[in-house]
Amino acid sequence: MDIIDFAPEVFLEEKYNPQQVELKWQGYWTKKGLHKTVFDPLRKKFYCLEMFPYPSGEIHMGHVRNYAIGDVVARYKRMRGYNVLHPMGWDAFGLPAENAAMKHGVHPAEWTYKNIRYMKNQLNRMGLSYDWEREVTTCSPEFYKWNQWFFIKMLERGLAYRKISFVNWCPSCVTVLANEQVIDERCWRCESIVVQKELEQWFLKITDYADELLKGCDELKGWPERVIAMQKNWIGRSEGVEVNFSIVGLDENIRIFTTRQDTLFGATFVCIAPVHPLAEKLVSDKKALEELKNRYGKMGEKTGFFTGFFAINPMNGEKIPIYVANFVLIEYGTGAIMSVPAHDQRDFDFAHKYDLPIRVVIVPEQQSSVNTLSLTLPPRGGGQGWGGDSELRTPNTNPPSPPFTKGGQGGITEAYEGEGILVDSGQFSGLRSDVARERISQFIEERGIGKRVVNFKFRDWGISRQRYWGTPIPVIYCEKCGVVPVPEKDLPVILPEDVKFTGKGGSPLVESEKFLNTDCPLCGGIARRETDTMDTFVDSSWYFIRYCFKKGDIDLDSELRTPNSELKYWMPVDQYIGGVEHAVLHLLYSRFFLKVMRDLGLIDLNEPFQNLLTQGMVIKDGAKMSKSKGNVVDPNHLIEKYGADTLRLFSLFAAPPEKDLDWSDQGVEGAYRFLKRLWGIAYKNRDKLQVTSYEYNDIKSLPLTDYASRLLRKTHQTIRRVTIDIEREYHFNTAVAALMELVNEIASYEPEKEEDWTILRFAIENTLILLSPFAPHIVEELWEVLGNKPSMFEHRWPDWDEEIAKEEKIELVIQVNGKLRSRLLISHSISDVEIKEMALQQGKIKDIVGNKTIKKVIVVKGKLVNIVVGD
RNA sequence: GCCGGUGUGGUGGAAUUGGCAGACGCGCCGGACUCAAAAUCCGGUGGGGGCAACUCCGUGUGGGUUCGACUCCCACCACCGGCACCA
C-alpha cells in the first residue's frame, strides 16, 4: 500500500476524503517514527498488549475490534505522559500453514510470511500505533531458539518429562490428527473413525504449580470475574482422602479417592477403571475386559462387570464386591472408587442396573429426627444378584448373596448427594457431614488405612505434536546415552526445509534424513533427533517477554540476566486485551511460564498480566462471524468505503468492549456521518478560527455571553466524562457518545463576538484531542486545518476545570411519595432547609399535598426532594 | 448436573452505583432544499388515555426491604458462555 508523502502546507480537499487523510497521516507518523518505543528508566511506563494474531491471511472483525480497543488505550496513555510499549507480532506456527502446503503445494514458511506481509499492511492501514521494531514472529529461529532454551531449562529442573499418552490416529490416512482435525470422532479428510493410539510424548509439569496458580487467582484484581472463575474451575482443586481397601485372598490393596469420607459406611461396592493396573490381575475374562476398554471414557450408559473378587471396607470390615466399570477415570484420583449408590447418582445408576444394594448413610438435616433404622434397601426383587451385562459377565464367577439385611419397601429413585446427618455409620453416626469428614479423615490417618490428599482436575501439559510447522523439541536419542538434551550452544535446532507434505505417516520431520540423523552430544555415537514439534501454545506463553527487547537475534539469556534490563522496566503487562476464548489455556500457560522463569531467577514477578480486558465477539445476524455461516464483513471493503477512522469509531461505539458487538451496516454509516459532520464544522469556520488564539488560563476571565459560557461548560464537562469513561472500565461507547453530544452543541452554536470564536476554537480543539485515540487520522488533519502544527499526539490530554464544568443552576426533582411531581431550579448556595421550604411552597405541590399530613421530607443534595405524606 | 454471565423502546445501548428510566447512535414519521432522487439540515419518536395542561402504566416473572428499586435481598423463568462420568 502506498503512502502519500507528507506535505504539511498543502491542505486536502474540502470534502472529507478518508483515504487521502489517512494515508497522509500514516505516512507522517511513520516518517517521524512517532510510535517507536524509547527505553527510558526515568519515565513511568505502560505496557499495552493485545493478543497477537495467527497469520491466516486476512484481518477479520474480531482483530479490528481487539486492536482498535488496544490502540485507544495506548494512545490515551501516551497522551497522559506514559512511556508506552505497544508491540505487535505473529503467532506464526500452526496447522493451517501445513494444510495450505498439502492443498496448494506451497511451503508453510512461504505461505506464512506472505500472509504476514499482507496482514501487516492491513494493520498499518488501520492506523494502529505499533512499534514494529519489536515485532515478534514465532516461526523465526531467533524466536523459537528460546522456546528450545526454556524447554531445556525445564528439563534440567525436572519440569519436562516423557510419558506414554494417547493421540488421535486416523487408520486410513495413517497419521496423527490434531484435536481440531477430529470432527465428530471422524477424520476431517477421509471421515474414517479416529482411534486412540499410544505414543511416548513430552509433558510440562504445570501441575507442580497447581496450588500457586489457583491461589494466585485471587490476586488478579484486574482480571474479569468470569476468567478467574474459568481458571479456577479448570484447575479444579478438591480435598479428600485416599483409602486402602484390601482385596480378599490377595496381598493387595485397592486405593480409592473420595471427597465424601462421610459416606464411607455407605459403600456397597468398589469400581476400578478398565485400564487400572489391577484389572489385568483381577479379571480372568480378558475379552470382556478388552470390550469394556472400548467403552471406557465414553459418555452414555454406565457399564461394567463383577471381577469375582471382594474388598474389605476398612471402616466397618464389610466384604463388598469389586467391579470394573467404564465410567471410572484412570487419570483422576487413583483410578478406583468406592461406590456409594445412595449418595452418588452415578453409583446409583450403576447399582440400579446391576441390582446392587443401596445403603443410606446420610439424611438431610431436617429429616434427621425421623426413624432412620432399616434404611438399607434390598436389591431389586427378581434380580440376578451380583450381575453384570450378560455379554460382559464372566461366566464362572457366581457372586454370593448380598451381605445386607433385607429391609422395608422404601423406594429411592435417585441419590441424595447433599450433606446431612450421618446414620448407620458406627461411631460417626449422628455427626454432621462436615464434622464427620474431619473426624473420619483423622481416624483414617491414625489407623494408617489412608491419608488426606488434594487432587486437581487439570493435567500436565502435553506439548508434543506430530507436526512439521512448529518448534523442534531439542532432544536427541542415543542408543547408549538415552535421552540427551541438545546442548545450549547448539541451539537453535533449525526446522529443516526438505520435508514433503503428504498427510501420511507420523511426524513429518521423520522424512528429513539430514535432520533425523545426528551424533550424540555426549558420546559422539549414532543418534537420532526427536521429530515431534512443540504445541504452539508454548510460543504464546512468553512472547510478551520477547517484546521487551528490540527484534533481531539477541542473546535472551544474558539480556534477562542484565541487572536493569528492559524486561525489568516493562514487565508486567499493564493492560492485556484479547478474546475470551483464551481465558483458560493461553492465560494459564503464560502464568505458569512466568512462574517458571521466576524460579529460574530470570524475573522477579509472580504474574505476567496486571489487567485483563476480554472483549466480546463480533456478531452478525445473531451468530459469531464465520466463513461457514457466510456472515463475515470484510474490513478491507469498509476501509475503502469509509476509512479506518469510521471503522474504529464504530467498533468502539457500538457496545462496551467486554460485551458482544452486534454488527450493523447502518451503525457504521452513523459513525461516518459523525466524522463528516465534524469535518464540515471545522472547514466551515476555518478562516475565522485560524486567526483566533487563546491562552488556556485566560479563558476563564473572558467576558462571555450566556451561550458562549454554556459551550465552554459543556466542553469541560465532556473532558471530564471522556476521561472518566476511559479511566474507569474503558467505557469507550459512552465516551464517544459524550463527544457526539459536544459536537451537536458545537453545530448549533452561532458565534458573533470575538470571544465567541475563541470559545468555539477551544471547544473544537478539545473535541479533536479527546477524539484522537478513537479516530486518529481525521483529528490530525483538522488540527492542522485550524492552524496548529502536527502532530497533535504530542499534545497532552486536557484537564477539566471543576468550577467551569459545574452547572450554574441545579434542577431538583420534587417527588411526593416517590413519584415525580414537579421540578425546582436552584443555585448552589441554597441550604437544605430553604430547598424544603421552596418545594413545599410550589403551587402544584400544595395542590397535591392538600391537607394530608406531611410525615417526612427528604432532601438529597443536588438531586431531589421527596415529600412523604400520609392520608 | 456444576460454575459464570445476560435480560431495559422497533433496534445497538445509557442511567454519576439506591434518587428525573430510555443519554448517544440506528431505524421510523413529518418538514426544508430539489423538476426529482441521493446527500444534507430542522422537528418528532416507550405504551395507553386526553383537544389540551396533564394523567395512568412501564426495566424477564412473583414476592420483599426502603421515603424512593433497572440498581439491594429471596424465589422463579428465558437465553448465552465455560466445564462436565473429576468420585
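We name chains A, B, ... by the order of the sequence lines, and we start the count at 1 in each one.
- Among the atoms of the strands shown, none is found under 4.0 Å from any heavy atom of Asn455(A).
- For the pair Phe650(A) CZ and rC26(B) C1', the computed distance is 9 Å after rounding to whole Å.
- Closest approach to the Arg821(A) side chain among rG82(B), rA87(B), rC56(B) is made by rC56(B) (side chain taken as heavy atoms from C-beta onward).
- Glu239(A) has its CD atom 12 Å from the P atom of rA87(B), to the nearest Å.
- The two atoms that bring Thr718(A) and Ala738(A) nearest to each other are CG2-O, 3.8 Å, heavy atoms only.
- The residue Ser238(A) sits close only to the backbone: its heavy atoms come under 4.0 Å of sugar-phosphate atoms, none of a base.
- Between the side chain of Asn233(A) and the base of rC3(B) there is no donor-acceptor pair of N/O atoms closer than 3.5 Å.
- Distances from the side chain of Asn326(A) to the nucleotides rG13(B), rC85(B), rA15(B) place rC85(B) closest.
- Counting only heavy atoms from C-beta on, Val868(A) has its side chain closest to rC67(B) among rC67(B), rC85(B), rC24(B).
- Nucleotides rA69(B) and rU61(B), compared at atom P, are 15 Å apart to the nearest Å.
- Checking each of Thr263(A), Asp347(A), Asp344(A) against Met338(A) for a side-chain contact (heavy atoms from CB on, under 4.5 Å) leaves exactly one that passes, namely Thr263(A).
- Across all strands shown, rG4(B) forms a Watson-Crick or G-U wobble pair, both distances under 3.5 Å, with rC80(B).
- Residue Lys676(A) is in sugar-phosphate contact alone, with no base atom involved, counting any heavy-atom pair closer than 4.0 Å across all strands shown.
- For the atom pair Thr646(A) OG1 and Phe674(A) CZ, the distance stands at 10.5 Å (nearest 0.5 Å).
- Residue contacts shown for Arg459(A) include a base, since a base heavy atom lies under 4.0 Å away.
- As a whole-Å value, the separation of Lys863(A) NZ from rA69(B) C1' is 15 Å.
- For rC85(B), the base has a donor-acceptor partner in the side chain of Lys302(A) [N/O atoms by modelled type, under 3.5 angstrom].
- Atoms CG (Asp660(A)) and C1' (rC80(B)) sit 8 Å apart, rounded to a whole Å.
- No contact: Asp347(A) has no heavy atom under 4.0 Å from any strand.
- Side chain of Asn733(A), nearest nucleotide from rC20(B), rG13(B), rC85(B): rG13(B).
- Residue Ile858(A) contributes atom CD1, which lies 7 Å from atom P of rC67(B) at whole-angstrom precision.
- In this structure, the nucleotide among rG19(B), rC24(B), rC3(B) sitting nearest to the side chain of Asn744(A) is rC24(B).
- Taking every side-chain heavy atom of Arg677(A) into account, rC41(B) is the closest of rC41(B), rA87(B), rG25(B).
- The shortest distance between side-chain heavy atoms of Leu422(A) and Ile440(A) falls below 4.5 Å.
- Of the candidates rA21(B), rC24(B), rA87(B), the closest approach to any side-chain atom of Thr258(A) belongs to rA87(B).
- Distance from the side chain of Gln666(A) is smallest for rG27(B) among the nucleotides rG27(B), rG25(B), rG68(B).
- Contact annotation for Gly236(A): no contact, since no heavy-atom pair falls under 4.0 Å across all strands.
- Among rG12(B), rA14(B), rC26(B), the nucleotide with an atom closest to any side-chain atom of Arg673(A) is rC26(B).
- Each of Trp663(A), Phe774(A), Tyr642(A), Tyr672(A) was evaluated against Phe650(A); a single residue qualifies, Trp663(A), per the ring-ring contact (aromatic ring centres under 6.0 Å, His included) test.
- Side-chain atoms of Met740(A) lie closest to rG25(B) of the nucleotides rC85(B), rG12(B), rG25(B).
- Look at CG on Asn817(A): it is 12 Å from P on rC56(B), rounded to the nearest Å.
- Rounded to a whole Å, the NE2 atom of His731(A) is 12 Å from the C1' atom of rU17(B).
- One can place CG of Asp344(A) at 9 Å from P of rA87(B), the figure rounded to the nearest angstrom.
- Atom NZ of Lys293(A) has more than 12 neighbouring heavy atoms from other residues, nucleotides or ligands inside a 6.0 Å radius.
- Using a 4.0 Å heavy-atom distance criterion, Gln815(A) is classed as a base contact.
- Residue contacts shown for Val328(A) include a base, since a base heavy atom lies under 4.0 Å away.
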